[in-house]
Amino acid sequence: MNLVLLLSTALSSIGTNKLRASLTLLGIVIGVSSVIAMMAVGRGAQVSVTARISDLGTDLITVRPGAQAQRFAFFGGGGNSDVLSLEDAFALKDDVFAPDVRLIAPENSFSGTAAFGAENTFVNGVGVTAEYLEARNLVIASGRNISNVDVENISTVAVLGSETSKTLFGQRDPVGVTIKISGREFTVVGVIKSQQGTIFNPDSSVIVPITTVHYRLNNEKGLPDSISVSSINVLATSESTVDDARLDIATVLRLRHELAADDDDDFQITTQQDTIETLEGTQGTFVILLGSIAGISLLVGGIGVMNIMLVSVTERTREIGIRRAVGAKRRDILLQFVTEAVLMTFGGGIIGVLTGWAIAYFGNGATVAGDVIETAIETHIAVIALVVSVAVGLFFGIYPAVRAASLNPIEALRHE
Amino acid sequence: MTTTASTRVTVPVIELSNVSREFRMGTHVVTALDGINLIIERGEMVAIIGPSGSGKSTLMNTLGCLDQPSSGSFMLNGQDVSDLSDDQLAETRSRQLGFVFQSYNLLPRETALSNVELPLKYAGGLSGYERRLAARTALDRVGLTERYDHLPMQMSGGEQQRVGIARALVQNPALILADEPTGNLDTNSSAEVIEMLRSLNEQDGKTIVVVTHDTEVAEAMKRIVVFRDGRIVDDRAVVHASADSNDNTTESNQ
Ligand SMILES: Nc1ncnc2c1ncn2[C@@H]1O[C@H](COP(=O)(O)OP(=O)(O)OP(=O)(O)O)[C@@H](O)[C@H]1O
Ligand SMILES: [Mg+2]
């Protein structure tokens, strides 16, 4: 029997029991559409996170104090205190030892409240130098940035994130107004442009000179160089020198911290690439998890197909006998039943892909439990899903088909 | 039956030599065919009769290549069928003979036309148009021109059996086998079907073997072979008033 005949025979057999075929199909449709939709959600999350991180610029390197793993802090360390100071930060801007570093922006974060009149709000405070905005890819919406003169003078000036500004001042321009940050008076000199949608949202922050945080908010003493920083943002001279810059930073800090050759670093250097890889790793696990849940429903769908095919073989024993009696070979019967199973799963697969795509398409941007769902539709996932659904049909169809083909024609003809 | 090729112009359609068929039921062995010798020449029209359980259907299944003998040889059109593979048997069924069943055995959801087309689909080699043309010709031959697109349940028993005959005819085989073709039919339909078979024999020269319980049907044939307990107990020619009896069917095969 040629392929066209095989397909038309299989189709007309499926057509004789449409309800049953549709229900069988439904199992595959649910399986495949959930594979497609879940993969789209998973990949969407991955893509958007990666995109947001890339927004920050892939030449950004972050240096944080402390050893890579906590246990090293107890033993090694050569008397170092796992602290990064402002002097460490400035030392990284060195044309001889760190030629691949373009810009450094130390920061010291604090949490506090900002108050104006009756309004007050919690803020993510950051003590910074003038370079902070450039390092973080931020721009001023109105007023001016914190200047390095402010840093030197330990000025009580502040630049507000757009959300903070909105909470305290509504639509009014806060520049020039005096507010209280953690009880101290500060003059607002600028507002940062909203960056809604990026992963490090600066909107609810307040930035002030890094020295002011140390001497005025924390009431500490000592020389400016000894001020400890919570992290140092470093920009490499270009994207391609990120790895070199990372080496420069490590060399300089190890020298400054007087680490012996076999001591571990007492700081951590993270590039944007590291962050992307880590996040993609976790999200990859998430995608695999979603995929396997969906895969299980596909498996259940496949078992449904097998069940129906077995019933069908029993019901159609006489038909098989008739076909064998007029010249069908075992192979013809085998192919007929396998084709029926594969047609059902393939049909289910196509409907499933379309349904899954529809879910992904209309679900893009929907809000579930406060989170915006983003989806990424990928053609290769659809192709894989179709191939898998055909494979499911083959796998679960073959056993019933073998049973059908191995029937003895005389006995099959006697079957009522 | 040891006739040489020089005296016989054509090979017999059917030549059974010492054919036995045993069914093993656990420890118990049923001998359905017990050393059958039978020659049926081209153009013969033979009735097989005998009591229930005497092995008639077993014989027909063997002749129809649906079953194979436990021992002995079966030559169909001069070819030894005994050791053909399963696929070769299927091919033989589709090309060399047509089988008509007591219970019609039509596919219930297919039209008369597509039921008749079925053997051609498995034989291959014809286009859809050619297949339908052949199926129509066969249905026309059995007088069912008006019933191409009817489903089996929309037809009378006699009509369904004629669809069955058309299906057996569609490949234009030399041999038509019918196991109790009138068993489910009333007298009128029965007569129609027998008339059909007679005309296929007389006009188209088909060799016809019919199993029947009905003596009238048997008497309408040219030769009667009687079975009992898996053996042939009688084999005689039927003398019709109108037919000239110059054939060679009088020889006994025992
Ligand atoms: N598949 C089988 N397994 C076991 N025994 C069988 C089988 N087929 C036939 N027989 C036995 O072989 C014998 C002959 O059976 P067969 O069907 O050929 O008889 P029959 O002459 O056609 O009878 P009827 O006139 O009732 O149709 C019977 O005893 C039957 O029980
Ligand atoms: Mg019988």
Side-chain angles (χ1 to χ4, degrees), chain A residues 1-22 308 311-340 343 401-416, chain B residues 21 23 32 57-58 60-62 64-68 84-111 114-128 131 151-152 163-164 166-171 173 177 179:
Chain A
M1 222 180 204
N2 66 38
L3 190 65
V4 178
L5 271 176
L6 199 62
L7 288 176
S8 70
T9 306
L11 273 177
S12 82
S13 291
I14 292 170
T16 56
N17 204 331
K18 292 192 185 63
L19 179 63
R20 180 192 282 179
S22 329
I308 284 301
V311 171
S312 173
V313 168
T314 309
E315 282 180 354
R316 287 156 62 191
T317 300
R318 197 181 177 92
E319 172 195 326
I320 295 162
I322 294 171
R323 291 181 185 273
R324 294 277 278 132
V326 301
K329 301 180 174 127
R330 283 186 199 283
R331 192 180 57 233
D332 294 319
I333 302 297
L334 182 88
L335 283 177
Q336 182 188 340
F337 280 86
V338 168
T339 308
E340 280 179 34
L343 272 182
V402 165
R403 291 234 320 215
S406 61
L407 286 172
N408 174 301
I410 300 171
E411 278 161 29
L413 279 171
R414 266 199 216 117
H415 194 267
E416 276 316 310
Chain B
R21 179 68 169 103
F23 294 102
S57 292
T58 307
M60 292 301 268
N61 289 339
T62 307
C65 297
L66 287 163
D67 194 13
Q68 288 197 293
L84 289 186
S85 71
D86 204 74
D87 279 3
Q88 288 168 319
L89 285 177
E91 216 146 279
T92 309
R93 287 199 290 275
S94 114
R95 291 178 200 285
Q96 302 202 22
L97 54 94
F99 210 112
V100 179
F101 304 88
Q102 176 174 0
S103 47
Y104 326 130
N105 278 339
L106 303 177
L107 296 179
R109 292 189 188 86
E110 306 275 343
T111 61
S114 96
N115 263 293
V116 174
E117 240 187 284
L118 197 60
L120 301 175
K121 287 183 177 172
Y122 289 111
L126 292 185
S127 70
R131 283 199 308 271
L151 292 174
V163 174
R167 181 178 62 191
L169 281 177
V170 74
Q171 289 265 61
L177 303 170
D179 193 351

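Given the structure is predicted, the values throughout are model-derived calculations rather than measurements. In what follows, chains are A, B, ... by sequence order, proteins preceding strands, each numbered from 1.
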Less than 3.5 Å apart and able to act as donor and acceptor by atom type: which atom pairs between chain A and chain B qualify?
{"unit_1": "A:Arg318", "atom_1": "NE", "unit_2": "B:Asn105", "atom_2": "OD1", "d": "3.2"}
{"unit_1": "A:Arg318", "atom_1": "NH2", "unit_2": "B:Ser103", "atom_2": "OG", "d": "2.9"}
{"unit_1": "A:Arg318", "atom_1": "NH2", "unit_2": "B:Asn105", "atom_2": "OD1", "d": "2.7"}
{"unit_1": "A:Arg323", "atom_1": "NH1", "unit_2": "B:Tyr122", "atom_2": "OH", "d": "3.0"}
{"unit_1": "A:Arg324", "atom_1": "O", "unit_2": "B:Arg93", "atom_2": "NE", "d": "2.8"}
{"unit_1": "A:Arg324", "atom_1": "O", "unit_2": "B:Arg93", "atom_2": "NH2", "d": "3.0"}
{"unit_1": "A:Arg324", "atom_1": "NH2", "unit_2": "B:Asp86", "atom_2": "OD2", "d": "3.0"}
{"unit_1": "A:Lys329", "atom_1": "NZ", "unit_2": "B:Glu91", "atom_2": "OE1", "d": "2.6"}
{"unit_1": "A:Arg330", "atom_1": "NE", "unit_2": "B:Asp86", "atom_2": "OD2", "d": "3.2"}
{"unit_1": "A:Arg330", "atom_1": "NH2", "unit_2": "B:Asp86", "atom_2": "OD1", "d": "3.4"}

Shortest non-hydrogen contact from B:Leu118 toward A:Ile322: CD2-CG2, 4.4 Å
Under the ring pair (Phe, Tyr, Trp, His ring centres under 6.0 Å) test, residues paired with B:Phe99 that sit two or more places apart: B:Phe101
Heavy-atom contact with chain A under 4.5 Å, split by part of B:Leu106: backbone
